[in-house]
Amino acid sequence: MAFEFPQSTKVSHNLVENPSIHIDIDIVKSNQEPNSKLESIKRDNFKGKSKLSSKKGIKASATDLNQSSVPGDVVIASRRSITDLPPVLISEILNCLDPKDLGIVSCVSTILHSLASEHHAWKQFYCDRWGLPTAPAALDPGDGVADSDEKSWKEIFVEREFRSKTFMGRYSMEVLYGHTEAVRTVFLLASAKLLFTSGYDTVVRMWNMEDGLSIASSKPLGCTIRAVAADTRLLVAGGTDGFIHCWRAVEGMPHLFDLRGSPQNQNTEVRLWGHDGPVTSLAFDLTRIYSGSWDTTVRVWDRHSMKCMVVLRHSDWVWGLVPHDTTVASTSGSDVYVWDTNSGSLVTIVQNAHVGNTYALARSLTGDFVFTGGEDGSIHMYEIVHDSYVTEALHVATWDPHSGPVYSLAFEFPWLVSSSDGKLALIDVRKLLRTSKRSLGKRATKAKHSGEVNVEPPQRMLHGFKSNLYSVDIGADRIVCGGEEGVVRIWNFTEALETERRVRALRGLRLENRMRRRKLQTDYNSKGGRSDQCSVVAKKNSVTCIWPSKRGMSGKTKA
């Protein structure tokens, strides 16, 4: 892609003032010599101005490039491509685009395709939506992550974006039996293909996510388990007696954790005490464990020493929490809190987010957006805006898909899933999430939220169950839910993914055949002059045909 600079081109003042951008304009002399002193004076003046302008990185300023200052024997011949710009400047230009615009730019030319396709912004887009995979080797190669070394981040992003659309397709449902009472919590560990569930029967069960078979179950923990969280190194469960039971991963075990507590693995279990009431929510990151309780506190534990570091006190029972970086969002009563975990100070609060208690809480991977579900059956979306002096929670949208309380929320870009009175609501929030980092930043967001709040309908409802659904989770083309009837249900959308792949392959085959037929038709038309000439000659040389009449006489007719 080349840019031409004619004699009347005006150079932007921003380029003149920016010393890091260099635009060279070559001055080519013709073979003719100046015939007069006036022309030589003009040439000397032009050279002088060019020398002065070159200090700013441009050999000729905008005012110098006009007909009066350029003599007739001077020709400005310069062609520059975007590849001649500094790599840092190209990166900044591409960083201003969102995924859709960056994809369009990559289709303009081969040069822009190579620049935009391999640009690190695709990795940033992927990480902002889904994060880096924790265990790529354990994932399905079809999801575009396990073979990331062989593919560009653009291809990985496009494949993951394609997979996210399968939740609108066909699914198969599996029912897992094993619990004897209501299931209060489910947790899907997609990277290890494991599912953890627990509830009123005081037992934590581990299932194989792929085939739905029970792998192991813990011994009775003595009380109702209302919260479970896990990664590939730690599994924690919170009980109504105020404790947090922890299992460390055992090296060499195919399913990571020894829930049965065999004698050779006795040191892998730890129980933490500190809460004075039932533990209702659990989460952790690489260094900390977060627990919320009906004792109106959120406790932050050191993951290595297993000691409580910070206590965050609320005004009512704590129902849910979601950490991100150095902050943790929590729900207490009808309010939503955002805390700084390093200092223990309150960052911002949303008062009376719902009519009644705020039961459910979810958060985007970047931490900028918070989703809440409450006793009034509504779902709200807030954006956490950080200014230089204050942090605010701006109301973005509201959904009312349920007639009963929203007990649980789960989010994986772009789908927000809620569970309530026998129904699951699937909400696509990609239009509401800001995926591009424009120069206006939060100011544009504030202007957008200054008007009325959007009331959005859900994109899909999964229903047909008469009992309450207490907990839901989403990941790896599956939605998992547990409820009052004491079973675990799995909605498997991998069939929709395979169907969509076949449809896309057939669509590509039809397009290829259509293009082939069009090319053949074009070639035939280009060589069709001979047939046209034959038809003209046939019209000129018409033949006389003799047809028999009714009386046996012949008549003459022209064809």
Side-chain angles (χ1 to χ4, degrees), residues 1-3 11-23 56-58 80-133 136 144-145 148-164 324-327 363-369 383-388 391-392 394 396 411-414 428-449:
M1 188 175 189
F3 299 94
V11 182
S12 173
H13 292 287
N14 295 330
L15 295 178
V16 176
E17 295 174 359
N18 192 348
S20 63
I21 304 176
H22 300 280
I23 301 179
K56 296 183 178 181
I58 300 178
R80 290 292 180 261
S81 169
I82 191 174
T83 56
D84 295 330
L85 295 175
V88 176
L89 181 58
I90 298 176
S91 179
E92 289 298 324
I93 294 173
L94 296 180
N95 276 335
C96 295
L97 305 178
D98 57 14
K100 182 178 179 180
D101 295 337
L102 197 57
I104 293 174
V105 167
S106 65
C107 299
V108 174
S109 66
T110 56
I111 296 177
L112 290 179
H113 177 76
S114 61
L115 291 175
S117 298
E118 302 298 332
H119 186 56
H120 65 83
W122 289 109
K123 180 178 181 180
Q124 185 66 31
F125 292 147
Y126 188 95
C127 294
D128 287 345
R129 294 188 178 187
W130 302 288
L132 285 174
V145 178
S148 59
D149 294 337
E150 301 176 2
K151 295 184 178 181
S152 66
W153 278 101
K154 178 185 177 182
E155 293 177 290
I156 299 174
F157 176 88
V158 170
E159 289 185 8
R160 186 62 183 264
E161 181 76 5
F162 171 73
R163 290 173 66 92
S164 68
H324 176 266
D325 198 13
T326 59
T327 64
R363 199 171 183 179
S364 64
L365 188 65
T366 57
D368 293 336
F369 296 92
E383 182 177 7
I384 308 300
V385 178
H386 303 280
D387 284 342
S388 55
T391 300
E392 299 178 87
L394 303 178
V396 179
F411 180 76
E412 180 180 285
F413 186 91
D428 189 346
V429 300
R430 75 180 77 221
K431 292 182 180 180
L432 299 174
L433 292 176
R434 188 181 65 253
T435 57
S436 61
K437 298 180 179 179
R438 304 292 185 183
S439 59
L440 296 179
K442 301 298 182 178
R443 296 180 183 177
T445 306
K446 284 186 176 182
K448 181 179 66 174
H449 300 328

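In this view, Ser106 and His113, Ala116, Ser117, Lys154 satisfy the side chain to side chain contact (heavy atoms under 4.5 Å, CB included) rule, not counting sequence neighbours. With sequence neighbours left out, Thr391 forms a side chain to side chain donor-acceptor pair (under 3.5 Å) with His386. For the side chain to side chain contact (heavy atoms under 4.5 Å, CB included) test, residues two or more places apart in sequence or in another chain that qualify with Glu412 are Trp130, Arg160, Ile474. With sequence neighbours excluded, no residue forms a side chain to side chain contact (heavy atoms under 4.5 Å, CB included) with Leu365. Residues meeting the side chain to side chain donor-acceptor pair (under 3.5 Å) test with Thr327, sequence neighbours left out: Arg363. Residues passing the side chain to side chain contact (heavy atoms under 4.5 Å, CB included) test with Thr366 are Asp128, Ser364, Asp368, sequence neighbours excluded. By the side chain to side chain donor-acceptor pair (under 3.5 Å) test, Ser91 pairs with His120, sequence neighbours left out.
Within the model, atoms CD of Glu118 and NZ of Lys123 stand 13.0 Å from one another, a figure rounded to the nearest 0.5 Å. If you take CG on Asp101 and SG on Cys96, they are separated by 10.5 Å, rounding to the nearest 0.5 Å. Thr110 OG1 to Leu115 CG: the interatomic distance, rounded to the nearest 0.5 Å, is 9.5 Å. With rounding to the nearest 0.5 Å, the separation of NE2 in His119 from CD1 in Ile93 is 10.0 Å.
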Run Asp98 and Lys100 through salt bridge (Lys or Arg N to Asp or Glu O under 4.0 Å) and show every step you take. CA-CA 6 Å; Asp98 57 14; Lys100 182 178 179 180; over 6 Å; no
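The minimum heavy-atom distance between Arg129 and Pro99, with the atom names listed, is NH2-CG, 3.9 Å.
At a threshold of 4.5 Å between non-hydrogen side-chain atoms, the residues Phe125 and Leu102 count as touching. The shortest distance between side-chain heavy atoms of Glu161 and Phe413 falls below 4.5 Å. The shortest side-chain heavy-atom distance between Phe369 and Leu432 does not fall under the 4.5 Å cut-off.
Under a 3.5 Å cut-off, the side chain of Glu159 and the backbone N or O of Ile156 do not form any donor-acceptor pair.
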